[in-house]
Amino acid sequence: MTGDGALRIATWNVNSVRKRMGRLVPWLESRSPDVVCLQETKVEDDLFPEEALREAGYHAAILGQKTYNGVAVLSRHPLEVVSRNLGDGGDDTQARLLDVRTGGLRLIDVYIPNGKEVEDPAFVYKLEWMARLARYLEVRCDPGEPLILCGDFNVAPEPIDLHDPVGGDGKVLFHPDEREAFARFLRWGMVDTVRHHHPDTPVFSFWDYRRLAFPRNEGYRIDHILVTRPLLPRCREAFVDREARKGKEPSDHAPVVAVLDPL
DNA sequence: ATGGTTGCTTAGCAA
């Protein structure tokens with residue numbers, strides 16, 4: 001809590017929730033977010049550390065699987081699940097989406113496929129999944145409703161969003177096709193909160209474990225909190241919590257936080 | 001430099 005009733009909404013790819021509990025719980029205690037969307041929990045639902053997180057003060061909605069992927073939404077308030085995965089008749093075998101209502105808000109937590117390499121079939125799957133998500137917004141959501149779409153999008157939207165936009169052009173995370181798929185979310189009616197509040201500031205949310213990328217600040221801004229227009233006047237600030245990437249055994253991603261004025 | 005590191009699961013995959 002910020003002490004004035006503001007809501008803190010966060011998204012964090014933790015790269016295994018069980019491995020990261022020693023950092024996640026102190027982070028929850030120090031930052032006191034109201035809602036936290038997690039990605040890459042990498043755990044089946046019956047092994048999710050729900051009790052420890054309950055003791056830290058959070059309800060949880062979870063959609064996990066063994067070894068890979070997995071999303072969860074933690075909230076100070078009880079959660080109602082609107083949808084687990086896209087539910088459109090396409091492949092839903094990977095745990096990548098949770099659509100929930102909590103504390104008077106609707107949030108969609110996504111872990112968009114990484115895509116591996118542009119030449120890989122996984123990249124085709126990524127583009128198809130993003131098109132399915134756009135369709136999900138069109139069919140099951142309304143740009144006139146207060147809605148938050150956040151998570152690991154695995155897309156750096158603009159040149160400012162990666163350390164080497166020339167070298168990265170046409171590669172995974174910054175390919176024109178995935179940038180266009182991301183732009184479609186914005187055209188539908190979502191606003192990128194971090195970029196809205198910091199139009200000209202390079203900020204990254206992911207640094208590869210390899211190549212000493214973090215100390216060199218060779219990063220990408222691929223984790224996003226998007227909001228529909230009705231929420232924008234309430235969004236006071238949005239930022240990357242870079243401190244959470246420092247120190248021993250970090251995730252390769254930092255949390256992104258948006259601060260909303262109360263209704 | 002098709003390099004490098006981390007996590008899950010145990011040698012190979014995903015990121």
Side-chain angles (χ1 to χ4, degrees), chain A residues 11-27 37-50 52-53 62-72 85 91-98 109-130 133 150-157 161-164 166-175 177-179 181-182 204-224 240 242-256:
Chain A
T11 180
W12 194 3
N13 180 323
V14 288
N15 187 17
S16 170
V17 67
R18 289 180 294 177
K19 179 73 180 180
R20 218 60 61 200
M21 283 297 278
R23 296 182 67 111
L24 175 59
V25 171
W27 185 83
C37 292
L38 303 176
Q39 303 86 36
E40 284 205 86
T41 53
K42 294 188 173 179
V43 65
E44 291 171 296
D45 290 352
D46 57 348
L47 294 175
F48 188 89
E50 204 161 5
L53 290 165
I62 56 183
L63 177 67
Q65 68 181 92
K66 193 174 181 178
T67 310
Y68 304 120
N69 311 313
V71 286
N85 276 332
D91 175 48
D92 267 346
T93 59
Q94 303 178 17
R96 295 193 178 275
L97 179 147
L98 262 179
D109 177 15
V110 292
Y111 176 49
I112 291 180
N114 169 283
K116 291 188 184 177
E117 303 286 343
V118 171
E119 302 78 15
D120 196 286
F123 190 72
V124 176
Y125 185 84
K126 177 184 197 172
L127 295 177
E128 289 175 349
W129 202 92
M130 292 184 79
L133 177 58
C150 66
D152 178 357
F153 288 69
N154 271 312
V155 178
D161 295 317
L162 66 165
H163 65 282
D164 183 10
V166 175
D169 191 16
K171 295 194 170 70
V172 75
L173 306 184
F174 192 59
H175 188 279
D177 293 350
E178 53 192 314
R179 293 174 62 196
F182 181 88
F204 304 142
S205 64
F206 161 75
W207 299 261
D208 201 298
Y209 286 129
R210 298 166 287 185
R211 313 184 199 209
L212 301 171
F214 185 65
R216 295 168 190 245
N217 199 29
E218 294 179 353
Y220 299 77
R221 192 175 70 93
I222 59 176
D223 302 272
H224 307 294
V240 174
R242 202 173 186 282
E243 292 299 310
R245 181 61 174 78
K246 299 178 180 176
K248 268 179 68 79
E249 299 192 326
S251 168
D252 41 2
H253 295 249
V256 182

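Protein chains get the first letters and strands the later ones, always in sequence-line order, with residue 1 at the start of each.
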B:dG7 versus B:dT2 - spacing of their P atoms, nearest Å: 26 Å
Between A:H163 and A:F204, what is the ring plane arrangement, given parallel below 30°, perpendicular above 60°, and tilted in between? perpendicular
Residues within residues 113-123 of chain A bordering DNA chain B, heavy-atom distance below 4.0 Å: A:N114, A:K116
Starting at the 5' end of DNA chain B and moving along, which residue's nearest nucleotide shows up first, A:R18 or A:R211? A:R211
Can you classify the ring geometry of A:F214 versus A:W207 as parallel (below 30°), tilted (30 to 60°) or perpendicular (above 60°)? perpendicular
In whole Å, what separates the C1' atom of B:dG3 from that of B:dC8? 23 Å
Can you tell me if A:Y125 and A:D91 form a side-chain donor-acceptor pair at under 3.5 Å? yes
Which residue lies toward the 5' end of DNA chain B, A:N13 or A:K42, if each is placed at its nearest nucleotide? A:K42
With C1' as the reference atom in both, quote the distance from B:dA1 to B:dT10 in angstrom, rounded to an integer. 29 Å
Salt bridge check: are A:E249 and A:K19 linked by an N-O gap of less than 4.0 Å? yes
Treating A:E40 as the side-chain partner and A:N13 as the backbone partner, does any N or O pair qualify as donor plus acceptor under 3.5 Å? no
Using a heavy-atom cut-off of under 4.0 Å over every strand shown, decide if A:R216 touches base, sugar-phosphate, or nothing. nothing
Pair A:K42, A:N15 - check side-chain hydrogen bond (donor to acceptor under 3.5 Å, both in side chains), show working. CA-CA 7 Å; A:K42 294 188 173 179; A:N15 187 17; 2.8 Å; yes
Base, sugar-phosphate, or nothing for A:Y111, non-hydrogen atoms under 4.0 angstrom? sugar-phosphate
B:dA15 to B:dT9 separation - C1' atoms, rounded to the nearest Å: 16 Å
Lys/Arg-Asp/Glu bridge criterion (N-O < 4.0 Å) met for A:R211, A:E218: no
Do any N or O atoms from the side chain of A:D152 and from the backbone of A:I112 form a donor-acceptor pair under 3.5 angstrom? no
Main-chain N/O of A:D223 paired with A:S205 side-chain donor or acceptor, under 3.5 Å: yes
Nucleotides bounding contact with chain A, strand DNA chain B, heavy-atom threshold 4.0 Å: B:dG4 to B:dA15
